[in-house]
Amino acid sequence: MPIRSTPCRIASLFVVMTLLSAPVVSQAQMVKADPLAGVADKAYTVPARRAVQLPPRGDDSGLGTLFDTAASRQTKILSKMSGIRLVMNDDVAATIEAYYSQPKAKLIWTDGEAHTAKAAQAIDLLKQADSWGLNPADYIVPTDFENMPKGSDERAAALAQFEISLSNKMAMFLQDNFRGRIDPNKLSNYYDFKRKPVDLKAMIAELSNAPDLMPVFNHYMPSNPKFAQLAAELQWLKKSDQAGGAKADIDKVTVAMEELRWMPQEFPQRYVFINQPAYMAYYYENGQMTFSTKAVIGQQDHQTNFFDATIKTVEFNPDWGVPQSIIKNEMLPHLKRDPAYLDKEGYVVTVKGKEMPSAKVDWSQPLDNIGVVQPPGPDNALGQLKILFPNAHAIYMHDTPARGKFASQDRMFSHGCVRLEDPRGMAAAVLKNTVDFVNQQISDGQKKDMPVPEPLAVYVAYFTAWPSEDGTVHYYDDIYGRDLQTLNAIAATSASRSQS
(Lines give C-alpha, C1' and ligand atoms only; values in the text may rest on other atoms or scores of the structure.)
Protein backbone atom coordinates (compact mmCIF):
# COMPACT_ATOMS: atom_id res chain seq x y z
CA MET A 1 0.00 0.00 0.00
CA PRO A 2 1.22 3.56 -0.50
CA ILE A 3 2.85 5.09 2.54
CA ARG A 4 4.34 8.42 3.38
CA SER A 5 7.59 8.77 5.25
CA THR A 6 9.78 11.46 6.68
CA PRO A 7 13.40 11.14 7.75
CA CYS A 8 13.87 11.59 11.46
CA ARG A 9 17.48 12.09 12.50
CA ILE A 10 17.27 12.43 16.27
CA ALA A 11 18.26 9.33 18.27
CA SER A 12 17.91 10.61 21.83
CA LEU A 13 15.02 12.21 23.62
CA PHE A 14 17.33 14.67 25.30
CA VAL A 15 18.77 15.64 21.95
CA VAL A 16 15.18 16.44 21.03
CA MET A 17 14.99 18.70 24.07
CA THR A 18 18.11 20.64 23.17
CA LEU A 19 17.83 20.62 19.37
CA LEU A 20 14.17 21.44 18.83
CA SER A 21 15.19 24.07 16.31
CA ALA A 22 17.22 21.64 14.18
CA PRO A 23 15.80 21.16 10.66
CA VAL A 24 14.52 17.74 9.63
CA VAL A 25 13.89 16.94 5.97
CA SER A 26 10.43 15.64 5.13
CA GLN A 27 8.48 14.16 2.23
CA ALA A 28 4.73 13.66 2.33
CA GLN A 29 2.08 12.19 0.06
CA MET A 30 -1.60 12.29 0.84
CA VAL A 31 -3.22 9.01 1.92
CA LYS A 32 -6.97 8.64 2.15
CA ALA A 33 -8.42 6.96 5.21
CA ASP A 34 -11.82 6.23 6.64
CA PRO A 35 -11.38 7.10 10.34
CA LEU A 36 -14.76 5.66 11.28
CA ALA A 37 -14.41 2.26 9.63
CA GLY A 38 -14.68 -0.68 11.99
CA VAL A 39 -14.68 1.28 15.24
CA ALA A 40 -16.29 -0.58 18.13
CA ASP A 41 -17.67 2.43 19.96
CA LYS A 42 -17.27 2.44 23.70
CA ALA A 43 -17.67 5.65 25.70
CA TYR A 44 -14.34 6.50 27.29
CA THR A 45 -14.51 6.96 31.05
CA VAL A 46 -12.08 9.57 32.32
CA PRO A 47 -10.33 8.99 35.67
CA ALA A 48 -12.20 9.99 38.81
CA ARG A 49 -11.30 13.44 40.10
CA ARG A 50 -11.86 15.14 43.45
CA ALA A 51 -10.67 18.02 45.59
CA VAL A 52 -7.57 17.47 47.67
CA GLN A 53 -8.29 17.83 51.41
CA LEU A 54 -5.52 18.36 53.92
CA PRO A 55 -6.17 18.44 57.67
CA PRO A 56 -5.56 21.65 59.61
CA ARG A 57 -2.17 22.02 61.27
CA GLY A 58 -0.76 24.71 63.52
CA ASP A 59 1.43 27.48 62.17
CA ASP A 60 3.96 27.14 65.04
CA SER A 61 3.74 30.86 65.82
CA GLY A 62 6.37 30.93 68.58
CA LEU A 63 9.90 32.29 68.70
CA GLY A 64 10.56 30.90 65.25
CA THR A 65 7.93 33.18 63.79
CA LEU A 66 9.27 36.13 65.74
CA PHE A 67 12.66 35.76 64.08
CA ASP A 68 11.09 34.81 60.72
CA THR A 69 13.31 31.81 60.17
CA ALA A 70 13.14 29.70 57.01
CA ALA A 71 11.54 26.91 59.03
CA SER A 72 8.77 29.17 60.29
CA ARG A 73 8.09 30.47 56.80
CA GLN A 74 7.68 26.92 55.51
CA THR A 75 5.50 25.99 58.47
CA LYS A 76 3.27 28.95 57.66
CA ILE A 77 2.85 27.72 54.09
CA LEU A 78 2.02 24.23 55.28
CA SER A 79 -0.57 25.62 57.69
CA LYS A 80 -2.37 27.32 54.79
CA MET A 81 -2.88 24.08 52.89
CA SER A 82 -5.98 22.96 54.76
CA GLY A 83 -8.02 25.64 53.03
CA ILE A 84 -7.08 24.54 49.52
CA ARG A 85 -9.58 22.61 47.41
CA LEU A 86 -7.74 21.96 44.15
CA VAL A 87 -9.40 19.28 42.02
CA MET A 88 -7.14 16.54 40.66
CA ASN A 89 -7.14 12.86 39.79
CA ASP A 90 -8.13 10.76 42.77
CA ASP A 91 -4.88 8.77 42.94
CA VAL A 92 -2.75 11.91 42.83
CA ALA A 93 -4.94 13.62 45.43
CA ALA A 94 -4.49 10.70 47.83
CA THR A 95 -0.72 10.82 47.32
CA ILE A 96 -0.51 14.56 47.93
CA GLU A 97 -2.66 14.27 51.04
CA ALA A 98 -0.38 11.54 52.39
CA TYR A 99 2.79 13.52 51.69
CA TYR A 100 1.78 16.93 53.05
CA SER A 101 -0.03 15.46 56.07
CA GLN A 102 3.19 14.04 57.45
CA PRO A 103 4.31 15.74 60.70
CA LYS A 104 7.72 16.42 59.15
CA ALA A 105 6.50 17.24 55.64
CA LYS A 106 8.87 19.38 53.59
CA LEU A 107 7.94 21.87 50.93
CA ILE A 108 9.21 20.80 47.51
CA TRP A 109 8.78 23.90 45.36
CA THR A 110 8.94 26.97 47.61
CA ASP A 111 11.21 28.25 50.35
CA GLY A 112 8.34 30.04 52.07
CA GLU A 113 8.88 33.35 50.25
CA ALA A 114 9.04 32.44 46.56
CA HIS A 115 9.43 29.48 44.27
CA THR A 116 12.76 27.69 44.17
CA ALA A 117 15.13 26.99 41.27
CA LYS A 118 13.80 23.43 41.21
CA ALA A 119 10.27 24.80 40.80
CA ALA A 120 11.46 26.91 37.86
CA GLN A 121 12.98 23.78 36.32
CA ALA A 122 9.72 21.90 36.82
CA ILE A 123 7.65 24.66 35.23
CA ASP A 124 10.02 24.76 32.26
CA LEU A 125 9.56 21.00 31.75
CA LEU A 126 5.78 21.33 31.94
CA LYS A 127 5.83 24.10 29.34
CA GLN A 128 7.58 21.71 26.94
CA ALA A 129 4.84 19.09 27.23
CA ASP A 130 3.94 19.46 23.56
CA SER A 131 7.44 18.27 22.66
CA TRP A 132 6.35 14.84 23.89
CA GLY A 133 2.91 14.80 22.34
CA LEU A 134 1.12 16.02 25.47
CA ASN A 135 -1.19 18.99 25.96
CA PRO A 136 0.60 21.87 27.78
CA ALA A 137 -2.78 23.19 28.97
CA ASP A 138 -3.07 20.08 31.18
CA TYR A 139 -0.04 21.17 33.21
CA ILE A 140 -0.43 24.93 33.76
CA VAL A 141 0.51 26.07 37.27
CA PRO A 142 -0.69 29.54 38.40
CA THR A 143 1.94 31.80 39.98
CA ASP A 144 -0.43 34.39 41.51
CA PHE A 145 1.83 34.89 44.53
CA GLU A 146 4.40 36.82 42.51
CA ASN A 147 2.48 40.12 42.73
CA MET A 148 1.54 39.79 46.40
CA PRO A 149 3.40 41.47 49.30
CA LYS A 150 6.11 39.32 50.85
CA GLY A 151 5.28 38.08 54.31
CA SER A 152 1.54 38.60 53.85
CA ASP A 153 -1.04 35.93 54.62
CA GLU A 154 -2.36 36.37 51.09
CA ARG A 155 1.05 35.49 49.62
CA ALA A 156 1.43 32.53 51.99
CA ALA A 157 -1.95 31.14 50.90
CA ALA A 158 -1.06 31.60 47.22
CA LEU A 159 2.31 29.89 47.77
CA ALA A 160 0.52 26.98 49.47
CA GLN A 161 -1.75 26.64 46.44
CA PHE A 162 1.26 26.89 44.11
CA GLU A 163 3.08 24.16 46.07
CA ILE A 164 0.18 21.71 45.87
CA SER A 165 -0.62 22.60 42.27
CA LEU A 166 2.94 22.02 41.08
CA SER A 167 3.15 18.70 42.93
CA ASN A 168 -0.11 17.68 41.25
CA LYS A 169 0.95 18.75 37.77
CA MET A 170 4.42 17.18 37.99
CA ALA A 171 3.02 13.89 39.28
CA MET A 172 0.43 13.86 36.49
CA PHE A 173 3.02 14.86 33.86
CA LEU A 174 5.45 12.09 34.84
CA GLN A 175 2.66 9.53 35.15
CA ASP A 176 1.32 10.53 31.73
CA ASN A 177 4.74 10.14 30.15
CA PHE A 178 5.35 6.79 31.83
CA ARG A 179 2.11 4.99 30.97
CA GLY A 180 0.03 7.39 28.86
CA ARG A 181 -2.94 9.60 29.60
CA ILE A 182 -5.36 7.00 28.28
CA ASP A 183 -6.18 3.59 29.70
CA PRO A 184 -6.45 1.71 26.37
CA ASN A 185 -8.57 -1.03 27.90
CA LYS A 186 -11.37 1.53 28.25
CA LEU A 187 -11.32 2.44 24.56
CA SER A 188 -12.84 -0.75 23.16
CA ASN A 189 -12.61 -4.51 23.44
CA TYR A 190 -9.86 -4.48 20.82
CA TYR A 191 -7.28 -3.32 23.39
CA ASP A 192 -5.75 -5.58 25.99
CA PHE A 193 -2.92 -4.19 28.10
CA LYS A 194 -1.99 -4.62 31.71
CA ARG A 195 -1.54 -0.98 32.57
CA LYS A 196 1.87 -0.10 33.97
CA PRO A 197 1.68 0.66 37.71
CA VAL A 198 3.08 3.94 39.01
CA ASP A 199 4.19 4.30 42.63
CA LEU A 200 3.08 7.90 43.14
CA LYS A 201 4.30 8.03 46.74
CA ALA A 202 7.78 7.06 45.61
CA MET A 203 7.53 9.59 42.79
CA ILE A 204 6.68 12.47 45.15
CA ALA A 205 9.56 11.41 47.40
CA GLU A 206 11.88 11.46 44.37
CA LEU A 207 10.69 14.94 43.44
CA SER A 208 11.18 16.11 47.01
CA ASN A 209 14.70 14.73 47.42
CA ALA A 210 16.16 15.38 43.98
CA PRO A 211 18.27 18.55 43.67
CA ASP A 212 18.02 18.20 39.87
CA LEU A 213 14.80 16.97 38.21
CA MET A 214 16.36 15.53 35.06
CA PRO A 215 17.21 12.10 36.58
CA VAL A 216 13.61 11.84 37.81
CA PHE A 217 12.30 12.94 34.42
CA ASN A 218 14.53 10.41 32.67
CA HIS A 219 13.33 7.64 35.01
CA TYR A 220 9.71 8.04 33.92
CA MET A 221 10.16 8.83 30.22
CA PRO A 222 9.99 6.05 27.60
CA SER A 223 13.56 5.06 26.79
CA ASN A 224 12.68 3.30 23.53
CA PRO A 225 14.58 5.05 20.68
CA LYS A 226 11.36 4.96 18.63
CA PHE A 227 9.84 7.44 21.10
CA ALA A 228 12.68 9.92 20.57
CA GLN A 229 12.32 9.57 16.80
CA LEU A 230 8.58 10.22 17.00
CA ALA A 231 9.21 13.25 19.24
CA ALA A 232 11.65 14.71 16.72
CA GLU A 233 9.17 14.06 13.92
CA LEU A 234 6.44 15.83 15.88
CA GLN A 235 8.61 18.91 16.32
CA TRP A 236 9.45 18.99 12.63
CA LEU A 237 5.78 18.72 11.70
CA LYS A 238 4.79 21.55 14.03
CA LYS A 239 7.57 23.83 12.80
CA SER A 240 6.79 23.17 9.13
CA ASP A 241 2.99 23.35 9.42
CA GLN A 242 2.61 26.80 7.89
CA ALA A 243 -0.78 26.23 6.25
CA GLY A 244 -2.21 23.73 8.70
CA GLY A 245 -1.85 20.84 6.27
CA ALA A 246 0.13 18.67 8.64
CA LYS A 247 -2.63 18.18 11.20
CA ALA A 248 -3.40 14.62 10.09
CA ASP A 249 0.25 13.62 10.48
CA ILE A 250 0.57 15.48 13.79
CA ASP A 251 -2.44 13.54 15.07
CA LYS A 252 -0.93 10.22 13.95
CA VAL A 253 2.39 10.93 15.65
CA THR A 254 0.63 12.13 18.81
CA VAL A 255 -1.41 8.91 18.94
CA ALA A 256 1.69 6.82 18.22
CA MET A 257 3.55 8.42 21.15
CA GLU A 258 0.56 7.79 23.41
CA GLU A 259 0.35 4.16 22.29
CA LEU A 260 4.08 3.63 22.81
CA ARG A 261 3.64 4.68 26.44
CA TRP A 262 1.20 1.81 26.95
CA MET A 263 3.95 -0.61 26.02
CA PRO A 264 7.14 -1.50 27.93
CA GLN A 265 9.36 1.46 28.67
CA GLU A 266 12.08 -0.34 26.77
CA PHE A 267 11.68 -3.30 24.42
CA PRO A 268 13.69 -6.49 25.10
CA GLN A 269 16.66 -7.57 23.01
CA ARG A 270 14.57 -10.19 21.16
CA TYR A 271 10.96 -9.67 20.18
CA VAL A 272 8.42 -9.86 17.37
CA PHE A 273 6.59 -6.70 16.36
CA ILE A 274 3.45 -6.80 14.20
CA ASN A 275 2.21 -3.44 12.94
CA GLN A 276 -1.31 -3.94 11.65
CA PRO A 277 -1.71 -0.74 9.56
CA ALA A 278 1.60 -1.59 7.82
CA TYR A 279 0.48 -5.22 7.25
CA MET A 280 3.95 -6.30 8.34
CA ALA A 281 5.59 -8.52 10.96
CA TYR A 282 9.18 -8.00 12.14
CA TYR A 283 11.66 -9.99 14.19
CA TYR A 284 14.26 -8.14 16.33
CA GLU A 285 17.51 -9.63 17.59
CA ASN A 286 19.85 -7.63 19.85
CA GLY A 287 17.61 -4.64 19.30
CA GLN A 288 18.01 -4.78 15.49
CA MET A 289 15.40 -5.84 12.95
CA THR A 290 16.78 -8.95 11.22
CA PHE A 291 13.69 -10.35 9.52
CA SER A 292 10.43 -8.99 8.14
CA THR A 293 7.51 -10.37 6.20
CA LYS A 294 4.16 -9.24 4.84
CA ALA A 295 1.13 -10.03 6.98
CA VAL A 296 -2.60 -10.45 6.54
CA ILE A 297 -4.75 -9.24 9.47
CA GLY A 298 -8.40 -9.30 10.50
CA GLN A 299 -11.32 -8.09 8.44
CA GLN A 300 -13.25 -5.04 9.61
CA ASP A 301 -15.78 -7.25 11.40
CA HIS A 302 -13.05 -9.56 12.76
CA GLN A 303 -10.43 -7.03 13.77
CA THR A 304 -7.07 -8.09 15.14
CA ASN A 305 -6.60 -6.91 18.71
CA PHE A 306 -3.84 -4.59 19.99
CA PHE A 307 -2.03 -6.43 22.79
CA ASP A 308 1.23 -8.02 23.89
CA ALA A 309 1.95 -11.65 24.74
CA THR A 310 4.74 -14.23 24.90
CA ILE A 311 5.57 -16.66 22.11
CA LYS A 312 5.80 -20.17 23.53
CA THR A 313 5.46 -22.72 20.74
CA VAL A 314 5.80 -23.40 17.02
CA GLU A 315 3.36 -26.05 15.81
CA PHE A 316 4.27 -27.89 12.61
CA ASN A 317 1.66 -29.46 10.33
CA PRO A 318 -1.22 -28.18 12.47
CA ASP A 319 -4.80 -29.25 12.20
CA TRP A 320 -7.50 -26.61 12.32
CA GLY A 321 -10.38 -26.76 14.72
CA VAL A 322 -12.97 -24.69 12.87
CA PRO A 323 -14.57 -22.03 15.13
CA GLN A 324 -18.32 -22.36 15.54
CA SER A 325 -18.84 -18.88 14.10
CA ILE A 326 -17.25 -20.04 10.84
CA ILE A 327 -19.25 -23.27 10.87
CA LYS A 328 -22.45 -21.27 11.29
CA ASN A 329 -21.79 -18.36 8.95
CA GLU A 330 -19.67 -19.93 6.22
CA MET A 331 -20.05 -23.73 6.22
CA LEU A 332 -23.77 -24.20 6.84
CA PRO A 333 -24.75 -22.42 3.59
CA HIS A 334 -22.55 -24.90 1.67
CA LEU A 335 -24.00 -27.84 3.60
CA LYS A 336 -27.56 -26.81 2.75
CA ARG A 337 -26.66 -27.11 -0.93
CA ASP A 338 -24.48 -30.20 -0.53
CA PRO A 339 -24.63 -32.19 2.76
CA ALA A 340 -21.41 -34.00 1.77
CA TYR A 341 -19.51 -30.73 1.31
CA LEU A 342 -17.21 -31.20 4.32
CA ASP A 343 -16.50 -34.81 3.42
CA LYS A 344 -15.42 -33.79 -0.08
CA GLU A 345 -13.22 -31.02 1.33
CA GLY A 346 -11.45 -33.45 3.67
CA TYR A 347 -12.78 -32.17 7.01
CA VAL A 348 -13.35 -34.50 9.98
CA VAL A 349 -16.74 -34.04 11.65
CA THR A 350 -17.63 -35.29 15.12
CA VAL A 351 -20.97 -35.22 16.93
CA LYS A 352 -20.63 -35.45 20.71
CA GLY A 353 -17.13 -36.81 20.15
CA LYS A 354 -18.16 -39.48 17.64
CA GLU A 355 -16.80 -39.16 14.09
CA MET A 356 -19.35 -39.31 11.27
CA PRO A 357 -19.73 -38.13 7.65
CA SER A 358 -21.02 -34.60 7.31
CA ALA A 359 -23.82 -35.89 5.05
CA LYS A 360 -25.27 -37.84 8.00
CA VAL A 361 -25.10 -35.04 10.56
CA ASP A 362 -28.28 -33.35 11.76
CA TRP A 363 -27.09 -29.77 11.35
CA SER A 364 -30.22 -28.38 13.02
CA GLN A 365 -28.99 -29.52 16.44
CA PRO A 366 -26.99 -27.15 18.67
CA LEU A 367 -23.58 -26.52 17.17
CA ASP A 368 -22.06 -27.06 20.61
CA ASN A 369 -22.48 -30.78 19.88
CA ILE A 370 -20.53 -30.63 16.63
CA GLY A 371 -16.81 -30.37 15.97
CA VAL A 372 -15.20 -29.77 12.59
CA VAL A 373 -11.47 -30.26 12.15
CA GLN A 374 -9.32 -29.84 9.04
CA PRO A 375 -6.44 -32.35 9.21
CA PRO A 376 -2.81 -31.35 8.58
CA GLY A 377 -1.74 -30.83 5.00
CA PRO A 378 -0.70 -28.21 2.46
CA ASP A 379 -4.34 -27.15 1.92
CA ASN A 380 -5.01 -26.66 5.63
CA ALA A 381 -6.30 -23.14 6.36
CA LEU A 382 -3.37 -22.67 8.75
CA GLY A 383 -0.86 -23.86 6.18
CA GLN A 384 2.00 -25.93 7.49
CA LEU A 385 2.87 -24.15 10.72
CA LYS A 386 1.57 -21.76 13.31
CA ILE A 387 3.34 -19.73 15.98
CA LEU A 388 1.49 -19.66 19.29
CA PHE A 389 1.46 -16.99 21.99
CA PRO A 390 -1.34 -17.73 24.48
CA ASN A 391 -3.80 -14.84 24.79
CA ALA A 392 -7.44 -14.20 25.54
CA HIS A 393 -8.23 -13.49 21.87
CA ALA A 394 -7.11 -16.84 20.38
CA ILE A 395 -4.85 -14.94 17.98
CA TYR A 396 -1.67 -16.46 16.57
CA MET A 397 0.61 -16.20 13.54
CA HIS A 398 0.32 -18.87 10.86
CA ASP A 399 1.01 -20.02 7.33
CA THR A 400 -1.75 -20.01 4.70
CA PRO A 401 -2.42 -21.67 1.35
CA ALA A 402 -4.07 -18.43 0.16
CA ARG A 403 -0.82 -16.94 -1.13
CA GLY A 404 -2.46 -14.47 -3.50
CA LYS A 405 -3.74 -12.32 -0.65
CA PHE A 406 -0.24 -10.99 0.01
CA ALA A 407 -0.24 -9.19 -3.34
CA SER A 408 -3.08 -6.93 -2.16
CA GLN A 409 -2.31 -3.48 -0.80
CA ASP A 410 -4.94 -3.62 1.95
CA ARG A 411 -4.51 -7.03 3.53
CA MET A 412 -7.54 -7.40 5.81
CA PHE A 413 -8.78 -10.92 5.04
CA SER A 414 -8.46 -13.03 8.19
CA HIS A 415 -10.81 -13.73 11.10
CA GLY A 416 -8.35 -11.98 13.44
CA CYS A 417 -5.23 -14.15 13.31
CA VAL A 418 -2.08 -12.96 11.55
CA ARG A 419 -1.14 -14.78 8.35
CA LEU A 420 2.51 -14.53 7.29
CA GLU A 421 3.88 -14.50 3.76
CA ASP A 422 7.10 -16.11 4.99
CA PRO A 423 6.05 -18.16 8.03
CA ARG A 424 9.06 -20.46 7.77
CA GLY A 425 11.44 -17.52 8.04
CA MET A 426 9.61 -16.26 11.13
CA ALA A 427 9.54 -19.75 12.67
CA ALA A 428 13.29 -20.09 12.11
CA ALA A 429 13.86 -16.72 13.78
CA VAL A 430 11.80 -17.41 16.90
CA LEU A 431 13.33 -20.91 17.22
CA LYS A 432 16.84 -19.45 16.76
CA ASN A 433 17.42 -21.97 14.00
CA THR A 434 17.49 -22.18 10.20
CA VAL A 435 14.83 -22.39 7.54
CA ASP A 436 16.29 -25.76 6.53
CA PHE A 437 15.59 -26.98 10.05
CA VAL A 438 11.99 -25.75 9.78
CA ASN A 439 11.61 -27.45 6.40
CA GLN A 440 12.77 -30.73 7.95
CA GLN A 441 10.14 -30.52 10.69
CA ILE A 442 7.42 -30.04 8.09
CA SER A 443 8.64 -32.65 5.63
CA ASP A 444 7.28 -35.73 7.41
CA GLY A 445 3.75 -34.29 7.51
CA GLN A 446 3.29 -35.12 11.19
CA LYS A 447 1.74 -32.69 13.62
CA LYS A 448 4.26 -31.70 16.30
CA ASP A 449 4.75 -28.91 18.83
CA MET A 450 8.17 -27.40 19.42
CA PRO A 451 8.79 -24.94 22.29
CA VAL A 452 10.86 -21.87 21.52
CA PRO A 453 14.28 -21.92 23.24
CA GLU A 454 13.30 -19.01 25.46
CA PRO A 455 10.09 -17.00 25.99
CA LEU A 456 9.84 -14.32 23.34
CA ALA A 457 7.76 -11.14 23.55
CA VAL A 458 5.36 -10.36 20.72
CA TYR A 459 3.65 -7.00 20.27
CA VAL A 460 0.54 -7.16 18.11
CA ALA A 461 0.47 -3.42 17.62
CA TYR A 462 -1.44 -0.68 15.81
CA PHE A 463 0.67 2.33 14.79
CA THR A 464 -0.31 4.59 11.89
CA ALA A 465 3.01 6.43 12.35
CA TRP A 466 6.12 4.36 13.01
CA PRO A 467 9.87 4.86 12.49
CA SER A 468 11.84 2.36 10.43
CA GLU A 469 15.36 1.27 11.30
CA ASP A 470 16.96 4.40 9.84
CA GLY A 471 14.66 6.70 11.82
CA THR A 472 12.36 7.44 8.88
CA VAL A 473 8.79 7.85 10.13
CA HIS A 474 6.28 6.09 7.88
CA TYR A 475 2.56 6.89 7.81
CA TYR A 476 -0.22 4.38 7.20
CA ASP A 477 -3.99 4.43 6.80
CA ASP A 478 -6.01 4.24 10.01
CA ILE A 479 -7.60 1.07 8.71
CA TYR A 480 -9.72 0.33 11.80
CA GLY A 481 -10.45 3.94 12.75
CA ARG A 482 -8.80 3.53 16.15
CA ASP A 483 -6.77 6.75 16.07
CA LEU A 484 -9.98 8.76 16.18
CA GLN A 485 -11.07 6.90 19.30
CA THR A 486 -7.76 7.65 21.00
CA LEU A 487 -7.83 11.33 20.01
CA ASN A 488 -11.38 11.65 21.36
CA ALA A 489 -10.34 10.01 24.62
CA ILE A 490 -7.36 12.38 24.90
CA ALA A 491 -9.68 15.35 24.32
CA ALA A 492 -12.13 14.07 26.95
CA THR A 493 -9.25 13.65 29.43
CA SER A 494 -8.01 17.20 28.85
CA ALA A 495 -11.56 18.57 29.18
CA SER A 496 -11.92 16.76 32.50
CA ARG A 497 -8.64 18.17 33.76
CA SER A 498 -9.66 21.72 32.88
CA GLN A 499 -12.56 21.51 35.36
CA SER A 500 -10.54 22.24 38.48
Side-chain angles (χ1 to χ4, degrees), residues 1-6 27-41 184 187-192 247-256 259 272-283 289 291-307 323 325-326 329-330 381-383 386-387 393-423 425-426 458-469 472-487:
M1 64 176 294
I3 59 173
R4 293 170 291 118
S5 60
T6 58
Q27 286 182 314
Q29 302 170 2
M30 295 303 295
V31 171
K32 295 180 180 179
D34 180 4
L36 296 176
V39 173
D41 288 326
L187 288 172
S188 79
N189 294 329
Y190 292 124
Y191 297 84
D192 181 8
K247 184 180 184 304
D249 290 346
I250 289 172
D251 285 347
K252 286 187 176 187
V253 174
T254 299
V255 169
E259 291 172 336
V272 172
F273 184 83
I274 301 165
N275 192 12
Q276 297 172 53
Y279 304 109
M280 292 292 294
Y282 310 89
Y283 170 77
M289 192 267 288
F291 173 81
S292 65
T293 182
K294 290 182 180 179
V296 165
I297 63 170
Q299 305 162 22
Q300 288 287 356
D301 55 350
H302 296 284
Q303 294 182 21
T304 303
N305 295 67
F306 186 174
F307 66 102
S325 60
I326 295 179
N329 298 322
E330 300 179 24
L382 304 181
K386 60 181 180 179
I387 300 171
H393 317 290
I395 288 175
Y396 45 86
M397 294 183 283
H398 65 89
D399 185 15
T400 175
R403 312 305 298 172
K405 301 294 187 183
F406 294 104
S408 300
Q409 290 186 344
D410 298 313
R411 296 190 287 273
M412 291 181 287
F413 299 111
S414 83
H415 288 82
C417 286
V418 179
R419 305 176 191 171
L420 302 178
E421 184 178 42
D422 186 2
M426 182 64 81
V458 57
Y459 305 103
V460 186
Y462 189 93
F463 287 89
T464 58
W466 190 250
S468 59
E469 295 310 288
T472 301
V473 175
H474 297 264
Y475 294 88
Y476 307 97
D477 290 352
D478 183 12
I479 52 178
Y480 290 150
R482 294 181 186 170
D483 281 9
L484 182 61
Q485 278 184 301
T486 302
L487 289 167

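Being a predicted model, the structure only gives us computed values, none of them experimental. In what follows, every heavy atom counts, from backbone to side chain, and hydrogens, waters and symmetry copies are set aside.
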Inset, instruction - Assess whether side-chain contact (heavy atoms from CB on, under 4.5 Å) is satisfied between E259 and R482, documenting all intermediate values. - result: CA-CA 11 Å; E259 291 172 336; R482 294 181 186 170; 5.7 Å; no
Inset, instruction - May I have the step-by-step check of side-chain contact (heavy atoms from CB on, under 4.5 Å) for N305 and I395, ending in yes or no? - result: CA-CA 8 Å; N305 295 67; I395 288 175; 3.6 Å; yes
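- Cation-pi geometry between K386 and Y396 is met: the NZ or CZ atom falls under 6.0 Å from the ring centre, inside 45° of the normal.
- A salt bridge links K247 to D251: one of the charged nitrogens lies within less than 4.0 Å of a carboxylate oxygen.
- A distance-only check finds a donor-acceptor pair linking the side chain of T304 to the backbone of G298 [under 3.5 Å].
- A donor-acceptor pair under 3.5 Å links the side-chain atoms of S414 to the main chain of C417, judged by distance alone.
- Shown here are the ring-ring contact (aromatic ring centres under 6.0 Å, His included) partners of Y282, two or more places apart in sequence or in another chain: there are none.
- Between I479 and P277, the shortest heavy-atom contact is CD1-CA, 3.8 Å.
- Classified by interplanar angle (parallel below 30°, tilted 30° to 60°, perpendicular above 60°), the ring pair Y480/Y462 is parallel.
- Here M412 contributes atom CE and Y279 contributes atom OH; the two are 4.0 Å apart, rounded to the nearest 0.5 Å.
- Atom NZ of K405 has 12 or fewer neighbouring heavy atoms from other residues, nucleotides or ligands inside a 6.0 Å radius.
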Inset, instruction - In sequence, state the C-alpha distance, the side-chain angles, and the governing distance for I274 and M397, and then conclude on side-chain contact (heavy atoms from CB on, under 4.5 Å). - result: CA-CA 10 Å; I274 301 165; M397 294 183 283; 3.8 Å; yes
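- Ring orientation note: the planes of H474 and Y476 are close to parallel, at an angle under 30° on the 30°/60° scale.
- Between the OG1 atom in T486 and the CZ atom in F306 there is a gap of 8.5 Å [rounded to 0.5 Å].
- Y475 places a side-chain heavy atom less than 4.5 Å from the side chain of V253.
- Of all non-hydrogen atoms in A256 and A465, the two that sit nearest each other are CB-O, 3.4 Å.
- We find the CG-NZ distance between D477 and K252 to be 6.0 Å, quoted to the nearest 0.5 Å.
- Although no hydrogens or angles enter the test, the distance criterion places no donor-acceptor pair under 3.5 Å between the side chain of D483 and the main chain of D478.
- Counting only distance, with no hydrogens or angles, the side chain of T400 and the backbone of L382 share no donor-acceptor pair below 3.5 Å.
- Atom CG of L420 sits about 10.0 Å away from atom CE of M280, to the nearest 0.5 Å.
- In this structure, OH on Y283 lies 9.5 Å from CE on M426, to the nearest 0.5 angstrom.
- N275 contributes a side-chain N or O that, together with a main-chain N or O of F463, makes up a donor-acceptor pair within less than 3.5 Å.
- Residues Q485 and S188 form a side-chain contact, since some pair of their non-hydrogen atoms from C-beta on lies under 4.5 Å apart.
- With hydrogens and angles ignored, the 3.5 Å screen pairs no side-chain donor or acceptor of E421 with any backbone N or O of V296.
- For the residue pair G383 and P401, the shortest heavy atom distance occurs at N-CD, 4.0 Å.
- Annotation: salt bridge (Lys or Arg N to Asp or Glu O under 4.0 Å) contacts of D422 (sequence neighbours excluded): none.
- Listed by chain and number, the residues in a side chain to side chain donor-acceptor pair (under 3.5 Å) with Y459 amount to none (sequence neighbours excluded).
- Between W466 and F273, the ring planes lie parallel to each other; the angle is under 30°, not in the 30° to 60° tilted range.
- R419 and A402 get closest at one heavy-atom pair: NH1-CB, 4.4 Å.
- At least one donor-acceptor pair closer than 3.5 Å links the side chain of Q299 to the backbone N or O of F413.
- Listed for the Q303 side chain is no donor-acceptor partner under 3.5 Å among the backbone atoms of I297.
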